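In what follows, a structure is listed as structure tokens, so that the remarks can point back to it.
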Amino acid sequence: MRFPRVKILITFIISSLLLISCSKNDEIIDLGDGGLSSGDPCSAPCFQNITPGITTKDQAIEILQFDLNPKKCDYWDNLSIGGSRGMLCKNVYLGLTEKDIISSISYTPVKKVFLEDVIEKYGVPDCYYESGSGVENTAPYLIRLYFDNVYMVVYLPEQSGPIYLVQEETQIERYLFFEKAEYLTYKGHCEEWGGYGEY
């Protein structure tokens with residue numbers, strides 16, 4: 001059961017990345033840091049008063065309608081073919097369960113958010129995973145940081161490598177919140193965090 005779920009999660013993350021990357025600048029919504037470091041209006045794993053595992057689709061739409069036009073969001077349901085179910089509203093992605101509960105949230109912030117601010121607020125990552133986004137896991141490389149205390153994954157920007165330098169001022173590229181079970185499935189294998197420096 002583990003591997004099919006991992007494939008489903010990977011599929012929806014890749015699809016959301018592709019959709020986000022196709023967005024035009026005038027289609028990006030500025031929600032600041034989304035509360036990641038500011039805590040406004042709430043902190044991880046809550047985003048704009050939407051919490052994975054608790055908030056329903058209808059509640060999320062009602063919350064987002066003040067900043068977004070939900071009628072212009074992209075909706076899909078590919079669960080029957082092993083895919084994902086969710087909605088993409090500009091640079092905000094919401095994963096959905098079969099029962100219309102928010103299972104995950106992804107946000108690409110417009111405001112610059114730096115790694116030192118995230119670590120100061122949530123503590124050091126529990127582990128990290130480095131991968132290549134090129135053909136056959138080659139450069140450019142990116143790093144994902146996992147925070148077990150808030151079921152959060154933070155993506156750092158791509159670097160050409162072969163050494164990946166992580167610094168206090170490294171900017172957050174994107175972050176995801178999950179409900180607990182989905183976070184543990186998504187986390188999989190990762191390496192112990194060694195602090196700032198070369199990876």
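Being a predicted model, the structure only gives us computed values, none of them experimental.
Atoms CG and OG1, on Leu156 and Thr170 in that order, are 6.0 Å from each other to the nearest 0.5 Å. Distance check: Cys89 SG to Gln65 CD gives 11.5 Å after rounding to the nearest 0.5 Å. In this structure, CD1 on Ile63 lies 11.0 Å from CG on Asp58, to the nearest 0.5 angstrom. One finds the CG atom of Leu68 at 6.5 Å from the CG atom of Leu31 (value rounded to the nearest 0.5 Å). The structure places CG of Asp117 at 11.0 Å from CD of Glu169, a figure rounded to the nearest 0.5 Å. We find the CG-CG distance between Asp77 and Leu96 to be 8.5 Å, quoted to the nearest 0.5 Å.
When every heavy atom of Lys121 is checked against every heavy atom of Ser37, the shortest pair comes out as CD-O, 3.5 Å. Of all the heavy atoms in Ser104 and Pro52, the pair that sits closest is N-CB, 4.3 Å. A pairwise comparison of heavy atoms in Ile172 and Tyr175 identifies CG2-CD2, 4.3 Å as the closest pair. Shortest non-hydrogen contact noted between Asn137 and Gly132 is OD1-N, 2.7 Å. The minimum heavy-atom distance between Ser160 and Ala139, with the atom names listed, is O-CB, 3.2 Å. A pairwise comparison of heavy atoms in Glu158 and Pro140 identifies OE1-CG, 3.4 Å as the closest pair.
Using a 4.5 Å cut-off between side-chain heavy atoms of Ile, Leu, Val, Met, Phe, Trp and Tyr, with links allowed through other members, Ile105 and Tyr75 fall into the same hydrophobic cluster. Using a 4.5 Å cut-off between side-chain heavy atoms of Ile, Leu, Val, Met, Phe, Trp and Tyr, with links allowed through other members, Ile119 and Leu165 fall into different hydrophobic clusters. Transitive grouping of hydrophobic side chains (ILVMFWY, heavy atoms separated by less than 4.5 Å) keeps Phe114 and Leu36 in distinct clusters. Phe47 and Ile101 are members of different hydrophobic clusters when ILVMFWY side chains are connected at heavy-atom separations under 4.5 Å. Side-chain heavy atoms closer than 4.5 Å link hydrophobic residues (I, L, V, M, F, W, Y) into clusters, and following such links, possibly through other members, connects Val124 to Val113.
Between Leu176 and Tyr155 the shortest side-chain heavy-atom distance falls below 4.5 Å.
Thr55 places no side-chain N or O within 3.5 Å of a backbone atom of Gln59 that could act as its donor or acceptor partner. The main-chain N or O of Ser38 is found under 3.5 Å from a side-chain atom of Asp33 such that the two form a donor-acceptor pair. Looking at Asn91, its side chain does come within 3.5 Å of a backbone N or O of Ile29 through a donor-acceptor pair.
The aromatic rings of Tyr196 and Trp193 stand perpendicular to each other, their planes meeting at an angle above 60°, with 30° marking the opposite boundary. Note: Tyr199 and Tyr128 have perpendicular aromatic rings, judged against thresholds of 30 and 60 degrees for the angle between ring planes.
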Would you tabulate the side-chain donor-acceptor contacts of residues 141-152 under 3.5 Å, counting partners in other chains and residues two or more places apart, or write 'none'?
{"unit_1": "Arg144", "atom_1": "NE", "unit_2": "Tyr146", "atom_2": "OH", "d": "2.9"}
{"unit_1": "Arg144", "atom_1": "NH2", "unit_2": "Tyr146", "atom_2": "OH", "d": "3.2"}
{"unit_1": "Asp148", "atom_1": "OD1", "unit_2": "Tyr183", "atom_2": "OH", "d": "2.6"}
{"unit_1": "Asp148", "atom_1": "OD1", "unit_2": "Lys187", "atom_2": "NZ", "d": "3.0"}
{"unit_1": "Asp148", "atom_1": "OD2", "unit_2": "Lys187", "atom_2": "NZ", "d": "2.9"}
{"unit_1": "Asn149", "atom_1": "ND2", "unit_2": "Tyr122", "atom_2": "O", "d": "3.0"}

Could you give me the CA-CA distance, side-chain angles and deciding distance for Val166 and Tyr164, then say whether side-chain contact (heavy atoms from CB on, under 4.5 Å) is met? CA-CA 6 Å; Val166 180; Tyr164 194 107; 3.7 Å; yes

Step by step, would you call Asp67 with Val92 a side-chain contact (heavy atoms from CB on, under 4.5 Å)? CA-CA 11 Å; Asp67 298 297; Val92 178; over 6 Å; no

Evaluate side-chain contact (heavy atoms from CB on, under 4.5 Å) for Glu179 paired with Thr97, printing each intermediate quantity in order. CA-CA 11 Å; Glu179 57 86 20; Thr97 68; over 6 Å; no

Quick one, Val153 with Phe178, criterion side-chain contact (heavy atoms from CB on, under 4.5 Å). Give me CA distance, side-chain angles, the key distance, then yes/no. CA-CA 8 Å; Val153 181; Phe178 294 94; 3.8 Å; yes

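Salt bridge annotation for Asp30-Lys90: absent, with no cationic side-chain nitrogen under 4.0 angstrom from a carboxylate oxygen.
Shown here is Gln167, whose CD atom has more than 12 heavy atoms of other residues, nucleotides or ligands within 6.0 Å. Surrounding CD of Glu168 are more than 12 heavy atoms belonging to other residues, nucleotides or ligands, all under 6.0 Å away.
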